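Right, one structure below, let's go through it.
Treat the numbers as computed from the prediction; the structure is a model and nothing was measured.
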Amino acid sequence: MATADQIEDVFDVYDKDHDGKVSKEFLAESIQALGKAPTAEQQKALAAEIPGDFFDLSQLKNAYRKNALKTAKELENDMTNCFRALDRDGNGQIHEAELRQMLLTLGDYLQPSEVEILMQGLVINRDGYIDYDQFVSRLIGEGKGRE
């Protein structure tokens, strides 16, 4: 959990003209810089709660402290547990075709081009399986530069 000083420091980074306001387009990025990882849906909801086009320090503190926002580590644990629940063999792997199907059809489903980007560089064994810990680490790792 970030301290009040850390939240203020992040706010100051985005408040380039020091007028006490930051464009709402940087709200999610500010929260991510503090170690939380809001989903796309949560990002929209947070922005909708703030009237106008800007947020102030108080609004950033309130948005950051929302209980539903998880850290990257919490998201990683949640994703890994979901894959484990689907892992009938308990071998830590998921078939590439099954993963693609899940990404295209479940939850905040992705476009085929987005799935292709995610699949690039993944190690697929000769039987067509992917280590899901590797996949989850890759997903989470893409957002860690902001922590």
So do the side chains of [X] and [Y] get within less than 4.5 Å of each other, counting heavy atoms only?
{"X": "M79", "Y": "Y132", "result": "no"}
{"X": "L57", "Y": "E8", "result": "yes"}
{"X": "Q93", "Y": "N125", "result": "yes"}

- Task: Before accepting this row, confirm whether a basic side-chain N of the pair K21/D15 lies closer than 4.0 Å to the acidic partner's carboxylate O.
- Result: no
Hey, are E49 and K44 close enough for a salt bridge, meaning a charged N less than 4.0 Å from a carboxylate O? no
State plainly whether one hydrophobic cluster holds both [X] and [Y], where clusters connect Ile, Leu, Val, Met, Phe, Trp and Tyr through side-chain heavy atoms under 4.5 angstrom apart.
{"X": "V115", "Y": "L99", "answer": "yes"}
{"X": "L34", "Y": "I50", "answer": "yes"}
{"X": "L106", "Y": "L139", "answer": "yes"}
{"X": "I124", "Y": "Y129", "answer": "no"}
{"X": "L118", "Y": "I94", "answer": "yes"}

The single option from R100, H95, M119 that satisfies side-chain contact (heavy atoms from CB on, under 4.5 Å) with I130 is M119
Next on the checklist: Working note: D131 + V123, criterion side-chain contact (heavy atoms from CB on, under 4.5 Å); need CA distance, chi angles, decisive distance, verdict.
Outcome noted: CA-CA 8 Å; D131 179 290; V123 176; over 6 Å; no
Apply side-chain contact (heavy atoms from CB on, under 4.5 Å) to the pair Q59 and F54, showing each step before the final yes or no. CA-CA 10 Å; Q59 290 167 316; F54 299 91; over 6 Å; no
Worksheet item: So D56 and V22, side-chain contact (heavy atoms from CB on, under 4.5 Å) or not? Walk me through it.
Response: CA-CA 6 Å; D56 62 23; V22 175; over 6 Å; no
Could you tell me which non-hydrogen atom of [X] sits nearest to which non-hydrogen atom of [Y], and how far apart they are?
{"X": "K24", "Y": "A47", "result": "NZ-O, 2.9 Å"}
{"X": "Q43", "Y": "P38", "result": "NE2-O, 3.1 Å"}
{"X": "Q42", "Y": "A37", "result": "OE1-O, 4.3 Å"}
{"X": "F83", "Y": "F135", "result": "CZ-CD2, 3.9 Å"}
{"X": "T80", "Y": "D133", "result": "CG2-OD1, 3.3 Å"}
{"X": "V10", "Y": "S30", "result": "CG1-O, 3.6 Å"}

**Main-chain N/O of Q32 paired with Y64 side-chain donor or acceptor, under 3.5 Å** = no
*Between K36 (side chain) and L69 (backbone), is there a donor-acceptor pair under 3.5 Å?*
yes
Find the distance between [atom1] ([X]) and [atom2] ([Y]) and round it off to the nearest 0.5 Å.
{"X": "R138", "Y": "I140", "atom1": "CZ", "atom2": "CD1", "value": "13.0 Å"}
{"X": "L86", "Y": "E98", "atom1": "CG", "atom2": "CD", "value": "6.5 Å"}
{"X": "Y14", "Y": "L27", "atom1": "OH", "atom2": "CG", "value": "10.5 Å"}
{"X": "F11", "Y": "F55", "atom1": "CZ", "atom2": "CZ", "value": "6.0 Å"}

Open item on the list: Surrounding CG of D53 (heavy atoms of other residues, nucleotides or ligands, distance under 6.0 Å), is the total greater than 12?
Closed with: no
Do E25 and S23 get their side chains close enough for a donor-acceptor pair, meaning under 3.5 Å? yes
Checklist entry - Between L122 and E96, does a side-chain contact (heavy atoms from CB on, under 4.5 Å) hold up when you go through it step by step? => result CA-CA 10 Å; L122 287 177; E96 175 192 9; over 6 Å; no
